[in-house]
Every structure is written in C-alpha cells, then in structure tokens.
Amino acid sequence: MTVLVFLDPAHADGRVADASQPQLMISDLGATRGDGIFESLLAVGGAPRKEQAHLVRLAASAEALGLAVPEAEVWSRAIRTGLREFAAVEPDREKAVVKLIATRGVEGAERPTAWVQVAPVPESGRRQREEGLKVLFLERGYDSTVAQRAPWLLMGAKTLSYAVNMAAIRHAKAEGADDVIFTSSDGKVLEGPTSTVLLAHDRDGVKTLLTPQLESGILAGTSQGALFAAAKEQGWELGYGPLEPHHLLEADAVWLISSIRLLAPVVSLDGQEIRSSAALTAELTELVDRFV
Ligand code: PLP
C-alpha cells in the first residue's frame, strides 16, 4: 500500500494522510497543467539512497520553474516519517519507492502543494534487469543545443509533464520493445524517458564508461553520477558524449540506469541485437548495489 505525507508548516515532520482517499484540489496546477516537479528515489531497509543528490536536483528543478518549495531539511523529515509509516504497514518489504512531489499549488493560492509518497517497488524492474531491454530510438524533436537557447523548455528539470515520456514507452511497447532512447534532431543520443544511457568499452585492459553530455538538454541522472564516481575509484576511465546511435551499436555493452530499476542491460536497438557483457554488468551491478 502507499503511504502519503504532506509537507505542512503546521507539522514539522509532515502530516500523514490517507492515500486511499481524495487529497488534492481539482484546481491544483499540478493536476490541471502538470506544473510541478518530482523525484523518485529508492529506499532500502528503511533508508533513502543518495537522498542528498535527489534533494539537490529537486532544488535545481524548483529553481528552473521558479517554484518556492520547502527546504531540503523539511523534505528529509517527511521522507523519514513516510518510511517509518511504510515499515509499520509493510514490514516485510525491504525496498520502497519514495516519490517527492511539488506542484505550483491550487490556482490563485500562490503556495506550492508538496508531498512524499512511499510505495512498493514494481516487480517489472527485476525481470528487466535479468532479461535485458529491447530498445527503440525515438526522436525527441529538439536539437541537442536547444537547452541553452530556450530555458523555458525546462529541458534539464524533472517536471511533472511526463505524458510525452510515457507515450514514448507505450509506443515502444506497441512495437514489441521494452523501452526508448530519445535522439535529437541533429542525430545525438539523449536519454531514456525515465533513465540515463550508459555504454562501455573494454579494450586492451582499459575499461571506459560513457554517457551523453549534460549540455544536450538531458536530466542529470543521480544514478549515473553515483556510478561514475564509484567506477572512477575502481580505475575506470570516464567519458561524456556527444554520442550518436552508431557509438551504441559499436560498444561492448549498453545499459539504461535509473534510481528504481537500477542498471538494466540493453540487448537490442531498433531490432538489431547488440553486444552485451555479463562480466561488465556484474561488475557495475556490484558498484550500483553499494553506491547508487
Ligand atoms: N532521465 C530521465 C528523463 C528520468 O526521468 C530519469 C529518472 O527517472 C533519469 C534520467 C534517471 O535519473 P536517476 O538516476 O536520478 O533516477
């Protein structure tokens, strides 16, 4: 079941509410315009993973939208309340998804609506990590320099406007695939609808991990950031795009990484089987389990 905690100035640790009952005003701009931001993070054994990185990104998204959201400390307390309640109702679940959501609030109120929800981790993630992902390249429709020219497009912010991302995944599923990698109109590899793209080379004893460069208007993945830091410690070389589809087809392995599904290998791109490496996946999964 889902636990719900509203951030409420009258309740220092957050106000627990009944997630099975209506709780949001129909004039909330998050509902009527998708005007808001969110984060999804994993909790293991009642402890949130890389909480700071998510709170920093939430603050950056809020800044991009001009949203005055509560301080990190207030979110932290509500997260703890949510995880405590979740452990009480779901004592056998080791892992949970923690969502942080802030909208522009009820129309005219000039005050954001903010809440934390804690729910079970979907079962599909484990299967996709084990079986790998069939991925389609789909156009995002922007060029890779638009983020710098057009900040109002909110390219690097994690906004609630995910209808397009979800439609892309539905399109992939209708075509018999599992997931998507977006490409820019100038032919660069961007990101998945809910994940960051990684690829590896293992040549002459040198292992290199690459990801598209942030300036291409993608979300800064907290999982990619944490994995890169850990891989560097282990002697991996790191690289940042620009990447094109042929780089993925030529790589020794490609993955999509994100906070809840974690590291999932890509097994085909546009129907073409690509190289994968059980050894590299195992090595990186061990780092993910410890550091992501
Ligand atoms: N890119 C997009 C568009 C996402 O929505 C997400 C996460 O949902 C990611 C990348 C991966 O980010 P993280 O590793 O912080 O979960």
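Both counts, for ligands and for their atoms, begin at 1 and track the order of listing. Just so you know, these numbers come straight off a predicted model, no measurement behind them. Computation of the quantities below employed the complete heavy-atom set of this structure, encompassing side-chain atoms and omitting hydrogens, waters and symmetry-equivalent molecules.
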Student: Verify the ring-centre separation between F137 and F182: is it less than 6.0 angstrom?
Tutor: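 Distance test on ring centres: not under 6.0 Å, no.
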Student: So, regarding Y162 and ligand 1 (criterion: nitrogen or oxygen to nitrogen or oxygen, under 3.5 Å), is there a contact or not?
Tutor: yes
Student: Just need the protein heavy atom nearest to atom 14 (O) of ligand 1, so name the residue and atom and give the distance.
Tutor: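 Of every protein heavy atom, S223 OG, 2.6 Å lies nearest to atom 14 (O) of ligand 1.
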Student: Relative to the heavy atoms of T196, which atoms of ligand 1 are at a distance of less than 4.0 Å?
Tutor: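 Once the distances to T196 are compared, the set is 10 (C), 11 (C).
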Student: What atoms in ligand 1 come closer than 4.0 Å to a heavy atom of G221?
Tutor: 12 (O), 14 (O), 15 (O)
Student: What is the closest protein heavy atom to atom 13 (P) of ligand 1, and at what distance does it sit?
Tutor: S259 OG, 3.4 Å
Student: Heavy-atom distances under 4.0 Å are what count here, so tell me which part of S195 touches ligand 1: side chain, backbone, both or neither.
Tutor: backbone
Student: Starting from atom 1 (N) of ligand 1, locate the nearest protein heavy atom and write down its residue, its atom name and how far away it is, to 0.1 Å.
Tutor: E191 OE1, 3.0 Å
Student: Taking NZ in K134 as the centre, count heavy atoms belonging to other residues, nucleotides or ligands within less than 6.0 Å. Is the count above 12?
Tutor: no
Student: Are E39 and R57 within salt-bridge range, i.e. N to O under 4.0 Å?
Tutor: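 A salt bridge is present here (some side-chain N lies under 4.0 Å from a carboxylate O).
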Student: Using a strict 4.0 Å threshold on nitrogen-to-oxygen distance, state whether K188 and E244 make a salt bridge.
Tutor: yes
Student: Check Q148 against S144 and note the closest heavy-atom contact, atom names and distance.
Tutor: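 Heavy atoms only, the tightest pair is NE2-O, 4.5 Å.
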Student: Answer yes when E110 and R104 have at least one side-chain N-carboxylate O distance shorter than 4.0 Å, and no when they do not.
Tutor: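 No, no charged N to carboxylate O under 4.0 Å.
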Student: Any luck finding a side-chain donor-acceptor pair between E283 and W236 under 3.5 Å?
Tutor: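 Distance-only check passes for E283 and W236.
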Student: Checking a contact table here: which protein heavy atom is nearest atom 12 (O) of ligand 1, and how many Å away?
Tutor: R57 NH1, 3.5 Å
Student: Taking atom types as modelled, is there a side-chain donor on E51 or S76 under 3.5 Å from an acceptor on the other?
Tutor: yes
Student: So is S258 close enough to ligand 1, meaning a heavy atom under 4.0 angstrom away?
Tutor: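 Right, S258 reaches ligand 1.
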Student: Counting non-hydrogen protein atoms only, what is the nearest one to atom 8 (O) of ligand 1? Give residue, atom name and distance.
Tutor: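 Checking every protein heavy atom, the shortest distance to atom 8 (O) of ligand 1 gives K158 NZ, 2.8 Å.
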Student: Against ligand 1, does A220 come closer than 4.0 Å with any heavy atom?
Tutor: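 Outside the 4.0 Å threshold, so no.
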Student: Can you name the one residue among D35, T103, I37 that meets side chain to side chain contact (heavy atoms under 4.5 Å, CB included) with L160?
Tutor: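 Testing each of D35, T103, I37 against L160, the sole residue satisfying side chain to side chain contact (heavy atoms under 4.5 Å, CB included) is T103.
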Student: Using a heavy-atom cut-off of under 4.0 Å, does the side chain or the backbone of P193 touch ligand 1, or both, or neither?
Tutor: backbone
Student: Would T222 count as being in polar contact with ligand 1, using the rule that some N or O on each side must be under 3.5 angstrom apart?
Tutor: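 T222 vs ligand 1: N/O contact under 3.5 Å present.
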